Each structure stands twice: as structure tokens, then as C-alpha cells.
Chemist: 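Mind looking over this structure? Questions follow.
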Amino acid sequence: MPELPEVETIKNTLKRFVLDKKIEDISVFWGNIIKEPDDVEQFKHILMGQTIHNINRKGKFLLFEMDDYTMISHLRMEGKYSVVSKEEPVKKHTHVIFRFTSGEELRYNDVRKFGTMHVVPKGEEFLHKPLNQLGPDPFDNSFTFDYFYEKLRKTNRVIKSVLLDQYVVAGLGNIYVDETLFRAGVHPLKKANKLTKKEVKKVQEQAILTLKEAVAQGGTTIRSYVNGQGEMGMFQQELFVYGQENQGCKNCGKLIIKMKVGGRGTHVCPSCQKQ
DNA sequence: GCAGATGTTCGCAG
DNA sequence: TCTGCGAACATCTG
């Protein structure tokens with residue numbers, strides 16, 4: 001269920017446990033998670049013997065950088081990583097296990113099995129799917145006002161759908177889009193190309209600010225998100241609209257309403273966010 | 001028990 | 001070319 005702040009938190013906790021660990025063996029219990037190479041045996045073969053030297057993040061993707069390859073992992077709705085001793089009983093929804101020479105294991109657990117893993121040669125991460133078409137990370141310098149304004153100006157979609165589009169900006173998901181639009185005072189159904197420059201600026205600033213605050217709080221735990229150590233995030237305390245339907249707006253007191261936008265549950269203060 | 005929803009993304013159809 | 005909708009899957013809530 002992770003968006004950018006949750007993935008960033010997972011990256012930081014995982015780094016404390018897997019750097020310089022060498023993969024001795026791999027088990028895959030649900031092969032559909034492995035997307036590249038398309039053959040699971042090949043996936044296992046090329047990663048065995050590799051040592052994890054660094055973990056990076058782009059948008060909602062984790063990049064495990066090894067000797068000759070990078071594993072690009074997306075957690076989708078429910079994916080989780082944990083590092084445990086090999087003695088630890090394997091949970092029901094654990095689908096991939098990386099066994100280290102140290103006796104520890106990196107385990108991937110995913111109730112809904114939506115997550116994906118791609119292994120590509122080191123240095124070619126951004127040349128192939130799934131990263132080659134991704135928009136800028138919101139924390140990157142390339143996420144400029146001019147870039148963002150042009151993207152919004154050229155589409156006929158509503159602003160919420162555009163913010164969820166990872167080709168426009170990579171990292172926002174349903175929670176942080178709703179929070180960003182509330183903080184910017186923009187209605188999710190407003191057409192992206194109808195936003196004034198001032199509104200675009202505000203949306204961009206609030207997106208970055210909201211994500212930064214959420215990272216500082218270790219992410220948002222609504223149902224099941226935990227970091228690489230099984231700890232919950234704390235940002236849910238700071239939410240203004242997400243999951244706050246039928247409660248008073250923290251700004252004006254009017255009831256927060258829930259609606260559907262682009263098939264996604266969407267939370268809005270009808271008074272603070274004018275269409 | 002069943003319909004609908006869940007922090008995501010992709011492929012397909014119009 | 002662009003946009004919207006179902007599917008991938010399991011579980012929980014009303």
C-alpha cells in the first residue's frame with residue numbers, strides 16, 4: 001500500500017540490514033511476481049552469488065543494486081519486505097525468499113500478489129521497463145514548475161487523475177494526492193488544464209511538502225503498512241481528508257465527503273476545495 | 001452470505 | 001492519440 005514516503009522508509013530501514021549481504025540461494029513460491037527475466041529459474045540463477053551494495057528509490061520503486069545487476073521491486077498494494085533469521089517460520093503470504101550467506105533472509109510478503117520484480121544489468125535501469133517512462137521523482141530537481149505546468153496544460157483529465165499518473169510525477173498515490181489537493185485548496189475534479197499558474201504552484205509545493213512531512217513520520221499506516229522492521233508509520237495522525245469522511249474539516253469544520261474520481265475513493269472538503 | 005472497497009498499475013477498447 | 005475501465009488477488013466491512 002506504499003506510496004513514496006512508505007517506500008522511502010522501507011528503503012532506509014532495509015539498508016541497515018541487507019547492505020554487503022551476499023545471496024546464496026533464492027526461493028520463489030509465486031512466479032508471477034518475477035517479471036524480468038520472464039523465466040524464474042533464470043532470475044534465481046543470475047542473482048545467486050550477487051552482493052547487495054546499495055538500495056535506491058525512484059518514485060514507488062525500490063532498486064537493489066548488486067555486483068552486476070539491479071533488482072527493481074514494486075510493492076503495489078500490499079507488498080512488504082522483512083529481514084529475519086532463517087529459523088523464523090515462513091508466513092502464509094511470503095512469496096520470495098533471498099537467503100544470505102550470513103544466515104539471514106530477505107523475505108517478500110504480499111497478500112494480494114500484485115508486486116513485481118525486474119532484474120536488469122547494472123547501469124541499464126532506466127533504459128527498460130518499468131522505469132524508462134517514469135516521470136521525475138518529486139524530490140528531484142527535474143520536477144520543476146515549468147515541467148509540471150506544461151504537463152497539466154496539455155491534458156484534458158481531472159487533476160486527481162493526473163497526479164496519480166506516474167509518468168507525470170512518480171511517487172504520489174491515493175492518500176497523498178487527496179492530502180495534497182486539500183492543502184492546495186484545489187478540487188480533485190477540476191480539469192488539470194483549468195488550474196491557474198498560482199494553483200499549479202501550490203499543488204506542486206504542497207505535494208513536495210506533504211511527502212517530506214510523511215517521510216519524517218515514517219509513512220502512513222491505514223491498514224497494514226509496516227517498514228522493513230515491522231513498525232507502523234505515524235503520518236495518519238496528520239491526515240486532513242483521507243479516511244476522514246463524515247468528520248469535521250480541521251480547517252473549516254464542514255463535513256469531509258467521500259466520492260469517486262477515476263474509480264478511486266476520493267476525500268474532499270466541499271468548502272475548502274472549490275471546483 | 002454477498003457486494004463493494006482496499007495504499008497500484010497495465011492492457012485493452014472505444 | 002488520449003481516456004476510462006476491468007483485471008491481476010486476497011481479505012475485510014457493512
Side-chain angles (χ1 to χ4, degrees), chain A residues 1-11 29-36 38 57-62 72-81 91-96 108-118 128-135 138 151-181 188-189 191-193 207 210-211 214-215 217-227 232-246 257-267:
Chain A
M1 317 116 344
E3 304 180 36
L4 184 153
E6 291 75 39
V7 178
E8 177 69 16
T9 304
I10 290 166
K11 181 197 80 176
F29 307 114
W30 183 259
N32 289 353
I33 289 176
I34 313 302
K35 302 298 184 187
E36 184 68 43
D38 54 9
R57 179 191 60 73
K58 172 90 190 259
K60 303 174 192 172
F61 290 90
L62 284 170
I72 303 163
S73 171
H74 197 300
L75 278 38
R76 294 290 181 97
M77 296 289 270
E78 301 255 6
K80 290 169 195 59
Y81 278 104
K91 292 191 181 143
K92 180 177 175 187
H93 297 293
T94 295
H95 305 305
V96 184
Y108 179 71
N109 184 288
D110 188 344
V111 169
R112 293 176 73 181
K113 302 175 175 168
F114 285 174
T116 61
M117 296 179 189
H118 293 74
H128 326 260
K129 60 194 165 30
L131 301 184
N132 56 344
Q133 297 220 63
L134 211 58
K151 281 284 184 186
L152 297 196
R153 204 175 59 77
K154 287 196 293 209
T155 181
N156 205 25
R157 290 178 292 168
V158 299
I159 183 65
K160 166 142 186 178
S161 298
V162 179
L163 291 179
L164 285 173
D165 185 346
Q166 304 295 299
Y167 295 150
V168 174
V169 53
L172 291 166
N174 208 31
I175 294 178
Y176 297 108
V177 166
D178 281 7
E179 293 300 310
T180 294
L181 287 174
L189 283 174
K191 293 278 192 171
N193 54 19
T210 306
L211 292 169
V215 169
Q217 298 281 318
T220 302
T221 298
I222 299 294
R223 322 166 28 166
S224 58
Y225 158 76
V226 289
N227 69 18
M232 304 197 328
M234 295 302 288
F235 191 72
Q236 59 275 15
Q237 299 172 356
E238 319 289 330
L239 297 175
F240 286 99
V241 287
Y242 188 89
Q244 310 297 306
E245 59 268 30
N246 299 322
I257 59 169
K258 186 172 179 185
M259 58 197 296
K260 280 259 190 213
V261 178
R264 310 295 302 277
T266 299
H267 311 73

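Letters A, B, ... are given to chains in the order of the sequence lines, protein chains preceding strands, and every chain is numbered from 1. Note that this is a predicted model, so its numbers are computed, not measured.
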Chemist: Return the value, rounded to whole Å, for the distance between atom CG of Leu189(A) and atom P of dT3(C).
Modeler: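 The distance from CG of Leu189(A) to P of dT3(C) comes to 16 Å, rounded to the nearest Å.
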
Chemist: With heavy atoms under 4.0 Å as the rule, sort Lys260(A) into base, sugar-phosphate or nothing.
Modeler: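 Result for Lys260(A) = sugar-phosphate.
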
Chemist: Would you list the pairs meeting side-chain hydrogen bond (donor to acceptor under 3.5 Å, both in side chains) in which at least one residue belongs to residues 234-246 of chain A, sequence neighbours left out?
Modeler: Glu245(A)-His267(A)

Chemist: Scan Ser161(A) against the nucleic acid and name what it touches under 4.0 Å (heavy atoms): base, sugar-phosphate only, or nothing.
Modeler: nothing

Chemist: Tell me the interatomic distance from Phe114(A), atom CZ, to dG6(C), atom P, rounded to whole angstroms.
Modeler: 15 Å

Chemist: For Asn156(A), is there any backbone N or O sitting under 3.5 Å from a side-chain donor or acceptor partner on Lys191(A)?
Modeler: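 A pair under 3.5 Å: yes.
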
Chemist: Check whether any side-chain N or O of Lys11(A) sits under 3.5 Å from a backbone N or O of Glu6(A) as a donor-acceptor pair, and report yes or no.
Modeler: no

Chemist: Can you tell me if Glu78(A) uses its side chain to pair, donor with acceptor, with the backbone of Lys113(A) under 3.5 Å?
Modeler: no

Chemist: What is the separation between atom CG on Asn109(A) and atom P on dC9(C), rounded to the nearest whole Å?
Modeler: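 Going from CG in Asn109(A) over to P in dC9(C) covers 17 Å.
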
Chemist: Whole angstrom is fine here: how far is it from CG in Leu62(A) over to P in dT8(B)?
Modeler: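 Rounded to whole Å, this separation is 15 Å.
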
Chemist: So that I know where these two stand, are His74(A) and Phe61(A) an aromatic pair - ring centroids less than 6.0 Å apart?
Modeler: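 Yes, ring centres under 6.0 Å apart.
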
Chemist: Assign Tyr176(A) to base, sugar-phosphate, or nothing according to its heavy-atom contacts below 4.0 angstrom with the strands shown.
Modeler: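 The residue Tyr176(A) makes no contact with any strand.
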
Chemist: Distance-only, no hydrogens or angles: does the Gln166(A) side chain make a donor-acceptor pair with backbone N or O of Gly171(A) under 3.5 Å?
Modeler: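 Yes, because the side chain of Gln166(A) sits within donor-acceptor range (under 3.5 Å) of the backbone of Gly171(A).
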
Chemist: Using side-chain contact (heavy atoms from CB on, under 4.5 Å), reason through Leu211(A) and Leu172(A) one step at a time and then give a plain yes or no.
Modeler: CA-CA 8 Å; Leu211(A) 292 169; Leu172(A) 291 166; 3.8 Å; yes

Chemist: When you compare the protein's N or O atoms with those of nucleotides 10-14 of chain C, which come within less than 3.5 Å of each other, and at what distance?
Modeler:
residue : atom : partner   : partner atom : Å
dA10(C) : OP1  : Lys113(A) : NZ           : 2.7
dT11(C) : OP1  : Lys92(A)  : NZ           : 3.2
dT11(C) : OP1  : His93(A)  : NE2          : 3.0

Chemist: Rounding to the closest angstrom, what is the interatomic distance between dT9(B) and dT1(C) at atom P?
Modeler: 24 Å

Chemist: Any sub-3.5 Å donor-acceptor pair from Asn193(A)'s side-chain atoms to Lys154(A)'s backbone N or O?
Modeler: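 Judged by distance alone, no pair lies under 3.5 Å.
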
Chemist: Under 3.5 Å, is there a donor-acceptor pair between the side chain of Glu3(A) and the main chain of Tyr176(A)?
Modeler: yes

Chemist: Tell me the interatomic distance from Gln133(A), atom CD, to dC2(C), atom P, rounded to whole angstroms.
Modeler: 12 Å

Chemist: Does the His93(A) side chain pair with the main chain of Lys91(A), one donor and one acceptor, at a distance under 3.5 Å?
Modeler: no

Chemist: Would you classify Lys129(A) as touching base, sugar-phosphate or nothing, given that sugar-phosphate means primed atoms plus P, OP1 and OP2, and contacts are heavy atoms under 4.0 Å?
Modeler: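 The answer is nothing, as Lys129(A) stays clear of every strand by at least 4.0 Å.
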
Chemist: What distance, rounded to whole Å, do you find between the two P atoms, one in dC12(B) and one in dC9(C)?
Modeler: 16 Å

Chemist: Reading nucleotides 9-14 of chain B 5' to 3', which nucleotides get B (base under 4.0 Å from a protein heavy atom), which S (sugar-phosphate only), which -?
Modeler: BS----

Chemist: Listed by chain and number, what are the side chain to side chain donor-acceptor pair (under 3.5 Å) partners of Ser73(A), not counting sequence neighbours?
Modeler: Tyr81(A)

Chemist: Classify the nucleic acid contact of Gly265(A) as base, sugar-phosphate or nothing, counting any heavy atom under 4.0 Å across all strands shown.
Modeler: sugar-phosphate

Chemist: Whole-Å distance between dT6(B) P and Glu6(A) CD?
Modeler: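 Nearest whole value for this atom pair: 16 Å.
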
Chemist: Considering only the C1' atoms, how many Å lie between dT3(C) and dT6(B), rounded to the nearest integer?
Modeler: 24 Å

Chemist: Which residue pairs satisfy the salt bridge (charged side-chain N to carboxylate O under 4.0 Å, His left out) criterion with at least one member in residues 159-170 of chain A, sequence neighbours excluded?
Modeler: Arg157(A)-Asp165(A), Lys160(A)-Asp178(A)

Chemist: For Ile10(A) and dT8(B), give me the distance from atom CD1 to atom C1', rounded to whole Å.
Modeler: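 My rounded result for the distance is 14 Å.
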
Chemist: Categorize Asp110(A) for me: base, sugar-phosphate, or nothing, with a 4.0 angstrom heavy-atom threshold over every strand shown.
Modeler: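 Contact class for Asp110(A): none.
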
Chemist: If I take atom CD1 in residue Ile175(A) and atom P in nucleotide dA5(B), what distance separates them, rounded to the nearest angstrom?
Modeler: 18 Å

Chemist: Hey, where does DNA chain B pair up into stems, meaning at least three consecutive Watson-Crick or G-U pairs with distances under 3.5 Å?
Modeler: B:2-6 with C:10-14, B:8-14 with C:2-8

